[in-house]
Amino acid sequence: MAVSKLQSLKPRPISELSMKVGSIRCYVSSCRAVLLPRFGGPEVLQLRPDVPVPDLKPNEVLVRARAVSINPLDTRMRSGYGRSIFEPLLPLILGRDVSGEVAAVGASVKSLTVGQEVFGALHPTALRGTYTDYAILTEDELSPKPASLTHVEASAIPFAALTAWRALKSTARITEGQRLLVIGGGGAVGFSAIQIAVAAGCHVTTTCGNQSINRLMAAGAEQAVDYTSEDIESVIKEKFEAVLDTIGVPETERIGINLLNRGGHYMTLQGEAAALSDRYGLPIGLPAATAVLFKKRIQYKFSHGIEYSWIYMRADSEGLHEIRRLSEAGKLSIPVEKTFSITQVREAHEAKDKKQILGKVVLELD
């Protein structure tokens with residue numbers, strides 16, 4: 001579909017949309033959505049005007065999306081990451097983060113009401129993502145939007161912050177006074193981790209590019225090492241109770257593990273389950289990934305006395321509500337570098353692919 005056609009698509013007013021009437025609520029039956037019909041570059045993305053909206057399950061919420069952020073997972077999935085899982089299920093809708101208003105609720109939803117402003121994030125394996133006028137999330141995947149934030153600002157937070165939360169709070173279980181190393185603190189997950197750890201009373205050291213040093217120090221990091229000009233192992237003199245490695249290459253894994261105290265936690269975002277499944281297929285790839293993880297856990301437990309984990313985002317209602325509280329208190333934010341209209345989704349993905357925009361990008365839905 002040509003860009004000119006993409007730009008011509010506008011959401012129809014609710015009064016013009018086909019409606020489904022339940023015992024209590026009404027909701028739309030179709031809407032605009034960006035479909036991924038096949039893997040490839042930004043040109044494969046198709047904004048269509050009448051993609052069906054499924055019936056809500058009892059625990060689900062229909063959200064009129066106002067802003068959705070672009071995560072690295074989105075561009076990787078578009079290019080074929082996770083194809084062993086997703087290819088048989090194409091077309092799918094990309095997108096994990098969303099901020100908007102509740103349009104309808106399932107029968108068992110108690111904590112949210114129609115018209116309420118909310119934000120949240122879907123699980124990484126969700127097939128119907130948030131690049132759509134009407135997104136569907138479970139009640140546990142949503143929280144009231146921080147009142148002090150715009151939809152654009154709020155949409156940048158949930159997926160990255162929940163990933164960091166899972167690492168620090170659910171896995172490492174950080175406590176006040178502990179020391180944390182964030183390898184790659186300049187990205188959204190790393191930056192979220194720094195802020196969450198500082199709010200918990202931890203001492204944080206991070207590595208980053210030179211352009212991020214001032215921002216990470218302002219967020220509360222006690223030391224920010226420029227990995228492009230400094231030798232990390234020479235500059236960092238202390239050891240840590242936890243290391244979150246957002247880069248996840250062999251060199252950063254080696255450095256992170258060597259900088260841990262015995263009993264500490266090494267956590268990487270670059271688990272191998274999807275990559276091995278894509279390479280060998282699910283029947284071989286998933287067992288192979290399980291074997292790799294088990295081997296590393298045993299190896300590092302005996303050689304260094306530490307815990308080793310692959311970190312993936314998961315829905316966490318308690319975590320999301322705490323993230324909202326931190327955001328409202330001004331203790332957690334993710335700066336948005338640029339916004340695009342949803343009709344410019346191809347241009348936005350191209351800019352991320354070419355690294356023309358290093359910071360967070362958000363798609364707005366009018």
Side-chain angles (χ1 to χ4, degrees), residues 67-74 96-99 119-124 141 143 145-146 148-149 152-174 178-209 211-222 224 240 242-248 256 265 267-270 309-337 358-362:
V68 299
S69 77
I70 296 178
N71 288 290
L73 180 63
D74 299 344
R96 295 294 171 261
D97 289 311
V98 66
S99 184
F119 79 142
L122 289 163
H123 187 273
E141 292 171 330
S143 173
K145 180 180 75 67
S148 59
L149 301 186
V152 167
E153 293 167 334
S155 72
I157 294 172
F159 190 82
L162 282 167
T163 304
W165 183 272
R166 179 166 174 76
L168 303 186
K169 293 289 193 173
S170 302
T171 304
R173 301 184 184 276
I174 59 169
Q178 289 189 324
R179 293 179 297 275
L180 168 71
L181 172 63
V182 178
I183 299 176
V189 175
F191 191 51
S192 298
I194 291 169
Q195 295 172 89
I196 291 169
V198 168
C202 295
H203 305 284
V204 182
T205 295
T206 186
T207 69
C208 59
Q211 75 280 2
S212 298
I213 288 177
N214 291 338
R215 177 166 59 92
L216 303 191
M217 295 293 288
E222 297 177 4
F240 303 89
V243 172
L244 175 58
D245 184 356
T246 73
I247 310 300
H265 286 78
M267 300 159 289
T268 176
L269 302 186
Q270 307 303 326
S309 300
W310 293 345
I311 297 299
Y312 304 98
M313 176 272 186
R314 285 188 183 176
D316 183 332
S317 181
E318 180 183 344
L320 185 58
H321 283 283
E322 180 66 13
I323 287 163
R324 181 193 66 171
R325 189 190 68 79
L326 291 174
S327 298
E328 287 179 333
K331 296 180 179 181
L332 175 58
S333 65
I334 297 177
V336 175
E337 184 167 341
L358 297 179
K360 198 70 170 176
V361 170
V362 168

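Because the structure is a prediction, the values reported are computed rather than measured. Computation of the quantities below employed the complete heavy-atom set of this structure, encompassing side-chain atoms and omitting hydrogens, waters and symmetry-equivalent molecules.
A search for side-chain hydrogen bond (donor to acceptor under 3.5 Å, both in side chains) contacts involving R166 returns nothing, not counting sequence neighbours. Residues passing the side chain to side chain contact (heavy atoms under 4.5 Å, CB included) test with E318, sequence neighbours excluded: D316. Looking at residues two or more places apart in sequence or on another chain, you find a side chain to side chain contact (heavy atoms under 4.5 Å, CB included) between V336 and V152, A156, T339, V362. Contacts of A193 classified as side chain to side chain contact (heavy atoms under 4.5 Å, CB included), with partners at least two apart in sequence or in another chain: A164, L168, V182, L244. Shown here are the side-chain hydrogen bond (donor to acceptor under 3.5 Å, both in side chains) partners of S143, two or more places apart in sequence or in another chain: H321. Residues passing the side-chain hydrogen bond (donor to acceptor under 3.5 Å, both in side chains) test with D97 are S69, N71, sequence neighbours excluded. In this structure, the side-chain hydrogen bond (donor to acceptor under 3.5 Å, both in side chains) partners of E322, at least two apart in sequence or on a different chain, are R325. A search for side chain to side chain contact (heavy atoms under 4.5 Å, CB included) contacts involving P335 returns F191, R215, not counting sequence neighbours. Residues forming a salt bridge (Lys or Arg N to Asp or Glu O under 4.0 Å) with K145 (at least two apart in sequence, or on another chain): E117.
When each of V189, D245, I247 is paired with L269, the side chain to side chain contact (heavy atoms under 4.5 Å, CB included) condition holds for V189 and for no other.
Contact detail for I174 and K169: the closest heavy-atom pair is CG1-CD, 4.4 Å. Considering all non-hydrogen atoms of both residues, F240 and R179 come closest at CB-O, 3.5 Å.
T268 places a side-chain N or O within donor-acceptor distance of the main-chain N or O of Q270, the cut-off being under 3.5 Å.
The side-chain hydrogen bond (donor to acceptor under 3.5 Å, both in side chains) analysis of residues 193-207, with sequence neighbours excluded, yields the pairs H203-E222, T205-E238.
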Next item on the list: Start with the C-alpha distance between L332 and S327, add both sets of side-chain angles, then the distance that settles side-chain contact (heavy atoms from CB on, under 4.5 Å), and finish with yes or no.
Entry: CA-CA 5 Å; L332 175 58; S327 298; 4.0 Å; yes
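The distance from the CG atom of L320 to the CZ atom of F119 is 5.0 Å, given to the nearest 0.5 Å.
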